Structures are given as structure tokens and as C-alpha cells.
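In this text, all values refer to a predicted model and were calculated from it rather than measured experimentally. So you know, we letter chains A, B, ... as the sequences are listed, proteins then strands, and number each from 1.
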Amino acid sequence: MKNFVEELRWRGMIHDVMPGTEDLLLKEVVTAYVGIDPTADSLHIGHLVGIMMLRHLQSCGHRPVVLVGGATGMIGDPSGKSQERNLLDEPTLRHNQESIKKQIAKFLDFETKAENQALMVNNYDWMREFSFLGFIRDVGKHITVNYMMAKDSVKKRISGDTGEGMSFTEFTYQLVQGYDYLHLYKEYNCKLQMGGSDQWGNITTGTEMIRRIAGGEAYALTCPLITKADGGKFGKTEKGNIWLDPERTSPYQFYQFWINVSDADASRYIRIFTLRSKSEIEQLEAEHALAPHTRILQKALANDLTINVHSEADLQSAIEASEILFGKGTTETLRKLDEKTLLSVFDGVPQFEIEKESLNNDLNASDFLAGITAIFPSKGEARRTMKEGGVMFNREKITEETLITQSMLLNDRYILVQRGKKNYYLVIVK
RNA sequence: GGGGAGAUACCAGAGCGGUCAAAUGGGGCAGACUGUAAAUCUGUUGGCGAUGCCUUCGGAGGUUCGAAUCCUCCUCUCCCCA
């Protein structure tokens with residue numbers, strides 16, 4: 001059996017691991033789980049870390065379980081600074097769960113008939129019928145308040161100078177999550193829970209419950225929170241989260257996100273988010289160091305993830321689009337594109353539709369950019385950016401004086417507007 | 001319940017009768033350098049038919065030729081004492 005802990009270790013995916021975990025995983029096929037909140041019907045790339053832990057787990061021969069936190073998601077984990085959660089109704093919950101499962105199925109094998117087939121469960125299914133009295137008698141009885149208060153997440157909130165305090169509901173959160181672990185332990189012989197480093201306290205409440213209530217031994221493993229070298233939040237752009245759902249984040253944007261990762265982050269990310277071997281990654285790093293401008297690491301990262309989350313075909317069109325937009329493309333190359341290619345290339349790019357008549361009479365650039373399209377929020381800003389040389393039409397710089405005419409149209413219908421280096425918009429004339 | 005401090009642009013934070021569309025920093029946007037990286041440097045950051053005009057300094061009134069600045073009331077925030 002492949003050494004799972006060792007695998008995560010060289011990938012930099014271990015923050016904390018309970019003693020004995022490694023031995024257990026070498027000795028037998030272990031069932032392990034990661035929890036995910038079903039707050040939306042799509043995952044975003046922040047979720048990918050947990051999924052990749054399970055992916056590696058399964059490829060090491062163990063059995064991954066995805067726990068959808070239908071119940072816990074309603075309460076809200078005090079470790080985060082999250083506000084009160086909204087209670088999801090059951091149809092939404094089920095819908096989200098199904099959508100998420102489809103996405104995860106690209107990483108985990110739910111179909112194999114082998115003993116390590118992946119499994120998805122929802123804690124709503126066993127928490128729903130649990131009565132309050134039943135819970136405090138059967139579960140709460142075994143854990144002391146003293147123990148619960150010792151958790152960092154609780155201490156911070158109670159003693160904090162910020163003095164926010166915490167509600168009883170949030171205080172109870174660790175018991176509910178801990179009970180999940182106990183339930184999975186009894187039901188599936190699940191002996192390992194994994195998660196982000198902020199989950200350590202909650203996970204150990206679970207192992208404690210298993211020890212006291214079931215007299216069993218269970219383990220914990222956490223990975224460091226993913227950071228960016230510049231201190232920003234991982235997985236967020238100005239435009240928001242990077243989602244796995246192509247409707248929310250187009251494959252092109254998804255691909256671009258990974259291509260834009262800084263060198264400092266690329267080495268870490270490629271270990272975490274791809275399945276490439278240690279020697280292969282070290283080889284890539286060596287090549288990258290010799291010719292950093294080719295961005296071999298970023299490309300490998302973007303390739304693997306785009307294929308994994310979307311498809312080979314999506315990757316190809318993302319690459320094609322990127323080459324046209326960021327390569328040596330000129331107005332000439334743009335004009336040579338046939339309509340079909342052009343549309344597929346710009347599929348993931350924001351689009352605006354305008355009337356053909358508006359191009360007839362001396363339309364000036366600022367009216368075009370901030371009037372009939374909403375590429376800029378105001379004419380002032382459009383003018384300013386043009387003055388700074390930051391606006392291009394069909395890859396040629398324009399100025400405030402430029403008039404927009406039909407002769408600019410590509411294929412008689414399109415204008416490619418570029419704002420700054422990276423923002424593209426396709427204007428379609430009807 | 002008593003006393004005090006405050007609310008300014010995306011955020012933090014100056015300004016305390018005209019020279020204020022409002023210092024400074026952060027953030028954002030753009031440019032240069034590069035590799036669609038990082039760092040750095042530069043410009044810019046209310047709107048518009050633009051040597052001018054309009055809307056902004058918690059809200060509503062008032063004083064004044066003139067208010068972010070002074071007065072009154074209201075709303076909210078923070079601190080101290082009980």
C-alpha cells in the first residue's frame with residue numbers, strides 16, 4: 001500500500017497529523033472523510049484542497065468519504081468569522097448535493113466496485129431526526145464544557161478583547177461535527193477525518209467522542225490553509241470566486257486563473273492540485289528556473305486542472321483563445337479568423353450587443369465604451385484610460401478622438417475591445 | 001441612568017468659515033520594465049456637453065455674501081462612571 005501520509009508530506013499538504021495515523025494507514029484500508037458545506041450548487045477551487053486529499057487517499061488504496069454538511073452548514077462554524085448561516089430548505093440541499101457530487105466524481109471514483117469506492121453522505125440524514133433531548137443526553141453527556149472551552153476557536157470568542165461573544169448554537173457546533181465523526185465511525189468504520197488546519201479543534205472533539213462513547217481509536221489530519229505569496233486570499237479574483245461550474249466560471253477564465261499564478265505560488269500549487277509525481281514536478285521546476293518566461297509550471301498546473309474539472313476539448317479552446325489574446329496576434333490575425341473560431345475563442349469573454357445603426361454617424365469612443373456598452377462605468381474613466389493608452393480595439397490602440405465605424409468590424413459583426421492587458425470584451429453588432 | 005468622544009470619498013484617516021471635489025496612506029485602474037509572474041517606478045482614482053457646470057463630507061433644518069467646517073434637533077457608533 002502506498003504511504004498516504006508520506007505522499008501528502010512531500011506535497012506540503014500536512015499541517016498537523018495525530019500520532020499513529022501513518023501506521024494505521026500502512027496497516028489496513030482506511031475509510032476517511034472530509035466535510036463540505038453545501039452552500040451553493042457548485043464547488044469553488046478552495047474546496048479542491050479537501051477533494052485532492054481524498055483523491056490521493058483513494059489512489060493510495062483507501063476509501064474516501066465526502067460528508068455534505070447539510071446539518072452543520074445550517075449552524076455555522078465559529079472557527080471562521082462567518083456570520084449566521086441561512087437554513088437551506090431540503091430541495092435546495094439535495095440539489096446542491098447532487099451538483100457537487102457530479103463535480104467531485106471527476107476526482108473520485110464513486111463507481112468502482114472495489115472496496116475503496118468513494119461514498120457521499122449528508123449529515124442532515126442522521127441529524128434531522130435527532131431530538132434535542134436525545135442529543136444532549138446521548139452525546140452532550142460525554143463531553144465536558146471544560147473540554148469544549150479549551151478549544152482555540154471557543155477561547156478566542158469568549159475571552160477575546162474583540163468581545164463578540166458567541167451564541168450557544170455556535171458553541172455546540174463542535175459537538176455536532178464531532179458526532180458526525182462518531183456516526184461515520186460506527187456506520188462505516190471511518191477512522192480518519194481530514195480538513196483544513198482551522199478544523200483541527202472540531203476534528204479532535206470527534207476523536208474524543210469516539211474514544212469516550214465508542215471506546216474506539218480515530219485519527220486526524222489537517223492541511224495548511226492555502227495562501228498566496230503576496231498575502232491575498234487564495235482562489236479569489238476581483239471578479240469573485242473561481243468556481244468549478246462552467247456557467248459560473250468559464251473554462252477559459254478557469255484556465256487563465258491558473259496561468260496567472262505567480263512563480264512563488266506555482267511550485268506549491270502544482271504539488272497540491274495535480275497528481276504529478278515528485279520527480280516530474282522537480283523536473284518541471286528545473287526547466288522553469290532555466291526559462292521562467294515560458295511558465296512551464298503554470299501551464300502544467302492549468303492543463304491538468306482544466307482537463308480534470310472541464311475537459312480536454314475545453315482546455316484546447318482555452319489555450320487557443322489565450323494564444324490569440326496574449327500571443328503575437330494582430331488585427332490581421334483577428335481578421336483572418338472565421339466567425340465560428342472567433343466565437344468559440346471568445347466564448348468565455350464578456351459580451352455586449354449593440355445596434356448596427358449606432359455605428360452610422362460618427363460615434364465617438366467614449367460614448368461607445370461607456371454609453372451604448374458598459375465596458376467602462378463612466379465616460380470619464382473611459383477617457384482617462386484611453387489617454388493612458390489602455391484601450392485597444394482589435395488589438396490596436398485607440399484614442400479619445402477615434403471614431404467607431406463599421407470598417408472596424410471583424411466578420412462584419414464583431415469588435416474586440418481590450419482594456420488594459422488582460423480584460424477583453426466582445427461587442428456584437430446586431 | 002450619568003458623563004465624554006465621534007460619524008469625511010472603496011477603506012483608514014487629515015481638514016475645523018472662503019485658496020476644498022477635500023491632504024496622506026492603503027486598495028482599485030492604467031502605463032513603463034518584464035514573462036499574461038513578483039518587485040519597482042509613474043500616472044490616475046465623483047459625474048458631465050469640461051479653462052466651466054452639477055452632485056458629495058451621517059440625516060433634517062438654521063446662521064452667513066460664503067459651511068465638511070458655526071448653531072439646533074434627529075439617527076447611529078465608541079469610551080468612561082453607575
Side-chain angles (χ1 to χ4, degrees), chain A residues 81 160-165 227-240 242 249-270 273 284-303 305-306 315 317-330 333-334 345-346 348-350 361-372 374-393 395-403 416-425:
Chain A
K81 46 189 174 290
D161 312 317
T162 39
E164 280 301 301
T227 56
K228 287 206 305 184
D230 66 8
K233 212 169 182 183
F234 170 75
K236 298 254 187 186
T237 66
E238 328 68 68
K239 292 169 192 82
I242 303 294
T249 301
S250 72
Y252 165 75
Q253 289 165 328
F254 184 86
Y255 177 82
Q256 279 291 320
F257 173 82
W258 297 105
I259 282 291
N260 273 305
V261 161
S262 71
D263 289 9
D265 294 325
S267 279
R268 287 187 300 127
Y269 294 173
I270 198 167
F273 296 108
L284 286 172
E285 284 175 324
E287 286 173 35
H288 189 278
L290 287 176
H293 57 281
T294 56
R295 280 175 302 146
I296 290 171
L297 283 173
Q298 284 90 336
K299 279 181 185 160
L301 188 60
N303 270 43
L305 278 157
T306 308
L315 170 66
S317 48
I319 291 176
E320 203 178 326
S322 301
E323 271 175 7
I324 289 167
L325 297 178
F326 294 103
K328 299 172 283 293
T330 60
T333 49
L334 280 175
V345 161
F346 299 124
V349 162
N361 34 332
D362 300 352
L363 180 66
N364 71 50
S366 57
D367 281 331
F368 179 84
L369 292 167
I372 60 176
I375 293 171
F376 283 84
S378 74
K379 293 180 193 176
E381 193 167 334
R383 272 193 285 265
R384 203 183 302 130
T385 311
M386 284 189 275
K387 205 181 296 165
E388 290 164 335
V391 183
M392 301 214 265
F393 277 24
R395 300 195 62 99
E396 281 177 355
K397 277 190 184 170
I398 61 155
T399 66
E400 211 181 314
E401 286 73 39
T402 308
L403 295 176
L416 178 67
V417 180
Q418 183 177 358
R419 175 192 183 178
K421 272 187 194 131
K422 295 185 193 174
N423 306 300
Y424 287 90
Y425 307 86

For [N] and [M], measure between their [atom1] atoms and round to the nearest Å.
| N | M | atom1 | answer |
| --- | --- | --- | --- |
| B:G43 | B:A37 | C1' | 23 Å |
| B:G66 | B:C33 | C1' | 50 Å |
| B:A68 | B:G18 | C1' | 13 Å |
| B:U75 | B:C20 | C1' | 27 Å |
| B:C71 | B:C10 | P | 27 Å |
| B:C57 | B:A21 | P | 14 Å |
| B:A7 | B:U51 | C1' | 37 Å |
| B:A23 | B:A9 | P | 13 Å |

Item checked: Test applied, side-chain contact (heavy atoms from CB on, under 4.5 Å); reference residue, A:Trp258; option that passes from A:Leu297, A:Ile270, A:Leu301 -> A:Leu301

Item checked: Test side-chain contact (heavy atoms from CB on, under 4.5 Å) applied to A:Phe393 and A:Leu416, A:Ile398, A:Thr402, the passing residue -> A:Ile398

Across all strands, who's sitting opposite [N] as a Watson-Crick or G-U wobble pair, both distances under 3.5 Å?
| N | answer |
| --- | --- |
| B:C70 | B:G62 |
| B:G1 | B:C81 |
| B:U75 | B:A7 |
| B:U40 | B:A32 |
| B:A12 | B:U24 |

Interatomic distance where [atom1] belongs to [X] and [atom2] belongs to [N] [whole Å]:
| X | N | atom1 | atom2 | result |
| --- | --- | --- | --- | --- |
| A:Leu297 | B:G35 | CG | P | 17 Å |
| A:Glu323 | B:U36 | CD | P | 12 Å |
| A:Gln253 | B:U36 | CD | P | 20 Å |
| A:Lys422 | B:U34 | NZ | C1' | 12 Å |
| A:Asp263 | B:G35 | CG | C1' | 8 Å |
| A:Glu400 | B:A30 | CD | P | 18 Å |
| A:Tyr424 | B:A30 | OH | P | 12 Å |
| A:Ile324 | B:U36 | CD1 | C1' | 15 Å |

Next item on the list: Find which nucleotide of RNA chain B each of A:Ala264 and A:Gly390 is nearest to by heavy atoms, and output the residue with the more 5' nucleotide.
Entry: A:Gly390

Notebook entry, point to check: Starting at the 5' end of RNA chain B, which residue's closest nucleotide do you reach first, A:Ala370 or A:Gln256?
Noted result: A:Gln256

Using a 4.5 Å cut-off on heavy atoms from C-beta on, say whether the side chain of [Y] contacts that of [X].
| X | Y | value |
| --- | --- | --- |
| A:Phe257 | A:Leu305 | no |
| A:Leu369 | A:Ser366 | no |
| A:Val349 | A:Gln253 | no |

Enumerate the protein-to-nucleotides 51-57 of chain B contacts in which both atoms are nitrogen or oxygen and the separation is below 3.5 Å.
none

Regarding [X], tell me which of base, sugar-phosphate or nothing describes its non-hydrogen contacts under 4.0 Å with the strands shown.
| X | value |
| --- | --- |
| A:Ser322 | base |
| A:Arg295 | base |
| A:Lys379 | sugar-phosphate |

Given [options], identify the nucleotide with an atom nearest to the side chain of [X].
| X | options | answer |
| --- | --- | --- |
| A:Lys421 | B:A30, B:G47, B:U34 | B:U34 |
| A:Gln298 | B:A32, B:A37, B:G35 | B:G35 |
| A:His293 | B:C48, B:G35, B:G43 | B:G35 |

Check: Using a distance-only test with no angle check, is there a side-chain donor-acceptor pair under 3.5 angstrom linking A:Glu285 and A:Ser267?
Finding: yes

Next item on the list: Could you tell me whether the side chains of A:Asn364 and A:Glu401 share a donor-acceptor contact shorter than 3.5 Å?
Entry: no

Notebook entry, point to check: Within 45° of the axis and under 6.0 Å from the centre of the six-membered ring of A:Tyr425, does NZ or CZ of A:Arg419 qualify?
Noted result: no

Looking at [X], I'd like to know whether one of its side-chain N or O atoms comes within less than 4.0 Å of OP1 or OP2 on [N].
| X | N | result |
| --- | --- | --- |
| A:Arg383 | B:C29 | no |
| A:Asn423 | B:U36 | no |
| A:Thr385 | B:C29 | no |

Checklist line | Main-chain N/O of A:Arg395 paired with A:Gln418 side-chain donor or acceptor, under 3.5 Å | finding: no

Check: Is A:Glu400 paired with A:Lys379 through a side-chain N to carboxylate O contact shorter than 4.0 Å?
Finding: no

